[in-house]
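One structure is given below, encoded as structure tokens.
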Amino acid sequence: MVRKLVLERGEYVWGRGLVTEAAPHGAPVIGPVAQLVGMLDGKTSVAEAVRRMRASVPREHHDELQRSVLLTVVDLYAQGAIASLER
């Protein structure tokens with residue numbers, strides 16, 4: 001993750017960018033994705049990351065959050081932002 005200017009509502013603001021081989025200068029990411037990437041440190045499981053993120057989300061949205069996190073993890077893995085997925 002890098003700090004960079006990102007376009008938000010038609011205005012440039014400081015945000016976060018995810019550095020990968022495909023985006024060496026950092027592709028802009030939204031806050032929840034940056035939070036997720038920060039949690040996936042090689043020690044924290046995806047299930048634990050979901051559990052932590054659920055704490056700030058109303059209960060009726062927990063299933064939606066879990067699906068979104070899983071899809072995001074697959075996408076991050078495909079982009080090379082996550083080196084490996086282990087069981």
Side-chain angles (χ1 to χ4, degrees):
M1 299 297 293
V2 295
R3 185 171 185 247
K4 66 178 285 160
L5 286 173
V6 295
L7 190 60
E8 184 178 297
R9 297 185 190 130
E11 187 176 333
Y12 282 99
V13 297
W14 285 107
R16 289 166 268 189
L18 180 64
V19 176
T20 64
E21 279 188 30
H25 299 292
V29 294
I30 60 173
V33 173
Q35 179 186 9
L36 176 62
V37 169
M39 282 190 251
L40 299 178
D41 57 5
K43 297 174 186 166
T44 303
S45 69
V46 173
E48 176 62 18
V50 169
R51 189 190 67 72
R52 290 181 193 171
M53 293 178 85
R54 280 181 172 173
S56 63
V57 174
R59 188 170 189 77
E60 62 268 16
H61 298 294
H62 283 189
D63 289 343
E64 181 182 347
L65 172 71
Q66 181 171 335
R67 281 190 300 275
S68 294
V69 166
L70 293 177
L71 290 172
T72 300
V73 166
V74 169
D75 188 44
L76 291 170
Y77 180 73
Q79 292 178 37
I82 296 175
S84 67
L85 294 173
E86 297 178 16
R87 194 167 159 88

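On a predicted model such as this, the values are computed, not experimentally measured, just so you know. Values below: every heavy atom of this structure, side chains too, minus hydrogens, waters and symmetry copies.
Taken to the nearest 0.5 Å, the CD atom of Gln35 stands 6.0 Å off from the OG atom of Ser56. Note that NZ of Lys4 is 8.5 Å distant from NE2 of His25, once rounded to the nearest 0.5 Å.
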Let's go through Leu36 and Val73 carefully: what are the C-alpha distance in whole Å and the side-chain angles of both, what is the deciding distance for side-chain contact (heavy atoms from CB on, under 4.5 Å) to 0.1 Å, and is it a yes or a no?
CA-CA 9 Å; Leu36 176 62; Val73 166; 4.0 Å; yes

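Within the structure, salt bridge (Lys or Arg N to Asp or Glu O under 4.0 Å) pairs that include any residue of residues 51-73 comprise Glu48-Arg51, Glu48-Arg52 (at least two apart or interchain). Among pairs with a residue in residues 19-44, none fulfils salt bridge (Lys or Arg N to Asp or Glu O under 4.0 Å), at least two apart in sequence or across chains.
Nearest heavy atoms, Val13 versus Glu8: CG2-CB, 3.7 Å. Summarising the geometry of Val19 relative to Pro24, their closest heavy-atom pair is CG1-O, 3.6 Å, with the distance given to 0.1 Å.
Val57 pairs by the side chain to side chain contact (heavy atoms under 4.5 Å, CB included) definition with His61, His62, Leu65, not counting sequence neighbours. In this structure Ala27 satisfies the side chain to side chain contact (heavy atoms under 4.5 Å, CB included) test together with Ala23, sequence neighbours excluded. Pro28 meets the side chain to side chain contact (heavy atoms under 4.5 Å, CB included) test with Val6; sequence neighbours excluded. Listed by chain and number, the residues in a side chain to side chain contact (heavy atoms under 4.5 Å, CB included) with Ala34 are Met1, Arg16, Val29 (sequence neighbours excluded).
Both Ile30 and Ile82 belong to a single network of hydrophobic side chains, linked directly or stepwise wherever heavy atoms of I, L, V, M, F, W or Y lie under 4.5 Å apart. Leu18 and Val2 end up in different hydrophobic clusters when Ile, Leu, Val, Met, Phe, Trp and Tyr side chains are linked at under 4.5 Å. Linking ILVMFWY residues whenever their side-chain heavy atoms come closer than 4.5 Å, directly or via other members, places Leu7 and Leu5 in the same cluster. The hydrophobic clustering, which links ILVMFWY residues whose side-chain heavy atoms are closer than 4.5 Å, places Val33 and Leu71 apart.
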